[in-house]
Amino acid sequence: MAAATPTPVSATTAVPTAIERYFQISLFLLIVTGFATLASTGKLDLPSVLCVSLALLVRARQLFRNDAVKISERITSYLGLIYVAFYLADFFLLSQNFVAATVHLLLFGMVTKIFSVQRDRDYIYLAVLAFLEVLSASVLTVDTVFLGAFSLFLLVAVATFISMEMRRSAMAAGNTQHIPSAPKRLRGWQLRSLDLSLSATSAAMVLGILVLSAAIFFVMPRLSGGYLGRFAQQNSLTTGFSDNVQLGEIGRIQQSSQVVMHVRIEDGKSVPEVRMRGIALSTFDGTRWFNPPHNLEFLSHRSGRYDVSSGVSGFSRPSTRFASGSAHHVEQYRVMMEPIGTNVVFLIAAPKFLFADFREVTVDFGQSVMNTDRERATNSYTGISDVSQPAPDGLRNSSADYDTEISRQYLQVPDLDPRVKKLADDITANQSNSYDKALAVERYLSTNFEYTLELPSERPKDPLAFFLLQRKKGHCEYFASALAVLLRAEGIPTRIVTGFRGGEFNDLTGDYIIRARDAHSWVEVFFPGHGWVTFDPTPAGAALEDSAWSRFMLYTDAAREFWREWIINYDFSHQRTLTEEAASSGRQHVDQLRIWFRAKYDNMLEWARGTHRLATRSPMRFSTITIALACAMLLLMNIGRIYRAILIRRIALNPARSPSHAASIWYERMTRRLSRRGFPRKPSHTPKEFATSIENPEVREAVERFNGHYERARFGESVEDATRLPEIYKEVVDKS
């Protein structure tokens with residue numbers, strides 16, 4: 001199979017067919033692997049995937065059929081000028097994203113270049129474009145699939161550059177038809193052998209590169225930096241966790257199974273429920289929740305430790321405090337975020353401390369914590385929270401007098417349908433305190449309404465009234481909004497919170513896998529003298545079925561988590577942890593090795609004592625055993641020689657089975673026997689020279705006849721001459 005695009009004349013006349021074929025195929029596979037790595041990120045749009053795939057199929061057909069269709073340089077220049085205008089339109093109107101528009105430009109350049117190769121340097125351009133595809137993939141994803149795709153790309157890249165160097169050397173050497181060792185045409189088995197040897201060499205080099213790279217990766221000092229990652233596309237989850245959320249946005253997020261974060265509770269223990277608190281929203285206009293403009297307060301830190309509970313003056317006010325039990329229950333957990341494009345720091349209520357490597361953290365009046373460090377993304381952090389709950393009796397006895405700040409921010413209601421206010425009065429008619437009223441509304445919503453992710457076909461004018469009075473089914477946003485508004489209609493301060501609830505526990509890693517479908521909204525109700533208490537009216541959804549596939553996915557997630565923790569988020573703290581664990585493990589292995597050597601040494605001493613007792617008490621038995629062991633050892637040491645002697649004897653007795661080998665054996669026997677009879681053969685002598693050096697005419701004549709049969713059997717594989725050698729050997733011996 002030859003190249004689809006014609007190479008320069010000098011290359012055509014100088015490069016052997018096998019090398020040119022291997023180079024063209026490996027370069028094409030390099031381009032395909034680069035594109036496959038980029039497509040595997042799942043961030044390419046469908047038209048780009050289809051168009052480039054079609055172009056690569058056409059190119060593969062050209063390679064298979066040895067076609068030479070190409071685009072002229074003039075047309076390529078025109079296409080490039082046209083695409084400049086399209087790039088601007090793509091950046092500002094279509095993709096509206098720098099990375100997406102640049103990736104489209106990269107793919108356009110690759111497609112046009114594979115059909116317009118004119119010079120040898122164009123091949124280098126294609127290799128660079130393939131590498132840029134892999135670089136783009138590293139910006140678009142941090143998944144484990146990138147490791148496999150990159151390893152495959154590295155294998156093909158090594159093979160490509162080996163063949164590229166061979167091709168360049170052949171061209172530099174001139175016309176290879178004058179070089180006997182480099183034939184222009186090779187047989188099929190020779191081509192396959194060359195391909196296999198080059199592929200094996202490439203695989204060995206890639207394995208060495210990966211091993212060496214892994215060692216360098218884990219040893220070199222690590223520095224945090226954003227680099228190209230800051231240009232990555234933002235995730236749709238961002239809009240669901242902001243200061244402005246439309247009713248229905250959380251429901252759309254819940255329809256995705258994308259992994260958002262992993263949460264590991266201290267000591268890997270399982271808890272009844274994980275509830276990661278994100279943004280608290282205070283104002284409702286009938287269709288959306290939002291926060292009015294407010295000032296963010298910066299948290300001070302000491303070596304990455306932020307005091308979330310008391311580090312800000314606002315947290316010391318009663319209106320910003322979380323309610324907790326008399327017996328505090330502190331829980332420590334670690335969060336590893338996927339790159340979802342949000343700066344929200346999700347914490348379990350009530351947060352006490354935050355440990356993170358980002359250097360700037362802010363908090364608002366709703367106790368929402370955000371990473372405002374532009375240089376360091378929200379990758380991983382550790383939180384400590386007080387998860388104790390206040391006693392119900394204390395909440396029932398709390399005052400109903402609210403200060404001005406609470407009333408102004410958390411009792412606001414939009415223009416309500418009068419039936420909504422009447423519904424709130426009917427539900428709470430038999431309750432005398434705020435706590436029981438909140439429980440009554442929560443129970444009413446969770447038992448009389450259905451949970452569904454199906455949104456109405458048409459957006460109603462008053463979505464909350466439509467949910468409460470007509471449809472009576474919806475997702476968590478509608479349940480939380482209904483509870484918050486109904487309680488506000490009764491004069492009870494509330495706010496809704498967006499975050500995540502639930503998750504799947506992975507017993508392989510001890511982590512909770514939080515997915516987009518676990519996105520959730522709930523309500524926090526304020527009780528004077530205590531603080532904010534969580535209420536959740538949303539009915540529990542159907543539990544996921546445990547199956548072999550779900551178990552397999554847990555193993556997959558464990559691998560992804562390892563990749564995130566030890567590759568993507570690998571930094572100096574991980575290096576220190578790894579070094580400490582390696583040192584501790586090394587000491588344990590040294591101690592175990594010392595114990596093992598001591599046990600073996602003691603066994604050796606006991607064996608020596610037993611041997612001494614045997615030699616003293618039974619010298620005859622000891623001598624017999626010693627001689628038998630010595631004979632067995634000699635036999636084992638010479639097993640190779642014995643096998644070769646038997647094999648040589650079999651060939652010598654049956655020369656017809658292997659005439660060439662038999663000829664060599666009988667010639668060696670003949671020269672060795674003549675040497676003992678006074679006719680030595682010098683190492684530099686050829687058979688003819690050896691025969692000439694023999695002075696005895698009878699012996700010389702016999703050796704010359706032996707040489708004739710030897711040469712025909714040795715180099716001509718003559719069976720008849722090989723079978724004559726033992727007879728002539730006997731004649732030579734007799735005459736000498």
Side-chain angles (χ1 to χ4, degrees), residues 26-45 47-49 51-53 55-56 59 80 83-84 87 90-91 95-114 121-162 164 202 205-206 209-210 212-214 216-217 220 222-235 338-341 375-377 379 560 563-564 566-571:
S26 60
L27 180 61
F28 176 71
L29 291 178
L30 182 71
I31 297 169
V32 172
T33 308
F35 174 69
T37 304
L38 183 58
S40 66
T41 64
K43 302 297 177 64
L44 276 185
D45 53 284
S48 297
V49 175
C51 292
V52 177
S53 299
L56 292 176
R59 173 62 174 161
Y83 197 86
V84 170
Y87 176 79
D90 189 13
F91 179 69
S95 302
Q96 297 182 352
N97 182 273
F98 170 76
V99 172
T102 305
V103 168
H104 292 158
L105 174 63
L106 174 63
L107 295 176
F108 168 80
M110 181 196 72
V111 170
T112 54
K113 182 57 68 176
I114 62 175
R121 66 168 179 264
D122 291 338
Y123 294 125
I124 300 177
Y125 293 159
L126 282 173
V128 171
L129 289 173
F131 171 75
L132 291 177
E133 287 179 317
V134 176
L135 182 61
S136 301
S138 69
V139 175
L140 295 175
T141 185
V142 293
D143 210 341
T144 48
V145 68
F146 178 75
L147 176 62
F150 177 73
S151 299
L152 180 60
F153 176 82
L154 191 62
L155 172 62
V156 180
V158 170
T160 301
F161 288 117
I162 288 176
M164 186 180 292
S202 302
M205 292 181 66
V206 168
I209 291 172
L210 290 176
L212 182 61
S213 299
I216 294 175
F217 177 85
M220 284 186 64
R222 308 297 296 176
L223 299 175
S224 299
Y227 305 115
L228 296 177
R230 69 187 67 183
F231 295 109
Q233 294 173 314
Q234 296 300 302
N235 196 284
E338 296 290 322
I340 62 174
E375 299 297 327
R376 304 191 182 190
N379 292 326
R560 293 178 70 253
W563 172 261
R564 288 277 300 165
W566 290 101
I567 304 299
I568 303 302
N569 295 333
Y570 187 68
D571 55 14

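The shown structure was predicted, so the numbers you read here are calculated from the model rather than taken from an experiment.
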Colleague: When you compare the side chain of Val49 with that of Asp45, does any pair of heavy atoms fall below 4.5 Å?
Modeller: no
Colleague: Working to the nearest 0.5 angstrom, can you tell me the gap between Leu126 CG and Arg121 CZ?
Modeller: 12.5 Å
Colleague: Are Met110 and Leu132 close enough that some pair of their side-chain heavy atoms sits under 4.5 Å apart?
Modeller: no
Colleague: Stepwise, does the side chain to side chain contact (heavy atoms under 4.5 Å, CB included) test hold for Tyr83 with Thr112?
Modeller: CA-CA 11 Å; Tyr83 197 86; Thr112 54; over 6 Å; no
Colleague: Within this structure, what is the NZ-CD1 distance for the pair Lys113 and Ile31, rounded to the nearest 0.5 Å?
Modeller: 11.0 Å
Colleague: Hey, does Leu107 have a side-chain heavy atom less than 4.5 Å from the side chain of Leu38?
Modeller: yes
Colleague: If I take atom CG from residue Leu129 and atom CD1 from residue Ile124, how far apart are they, to the nearest 0.5 angstrom?
Modeller: 12.0 Å
Colleague: State, to 0.1 Å, how close Ala100 and Ser95 come at their nearest heavy-atom pair, and which atoms those are.
Modeller: CB-CB, 3.7 Å
Colleague: Distance from Leu30 atom CG to Tyr123 atom OH, nearest 0.5 Å?
Modeller: 14.0 Å
Colleague: For the residue pair Phe91 and Phe98, categorise the inter-ring angle as parallel (less than 30°), tilted (30 to 60°) or perpendicular (more than 60°).
Modeller: perpendicular
Colleague: What are the two closest non-hydrogen atoms of Phe161 and Ala127, and how far apart are they?
Modeller: CZ-CB, 4.2 Å
Colleague: Just to verify, which of Val128, Leu106, Thr37 counts as forming a side-chain contact (heavy atoms from CB on, under 4.5 Å) with Glu133?
Modeller: Leu106
Colleague: Testing the basics here: between Ser53 and Phe35, what is the closest heavy-atom pair and its distance to 0.1 Å?
Modeller: OG-CE2, 3.7 Å
Colleague: Rounded to the nearest 0.5 Å, what separation is found between the CZ atom of Phe153 and the CZ atom of Phe131?
Modeller: 7.0 Å
Colleague: Is there a side-chain contact between Phe28 and Leu56, using heavy atoms and a 4.5 Å cut-off?
Modeller: yes
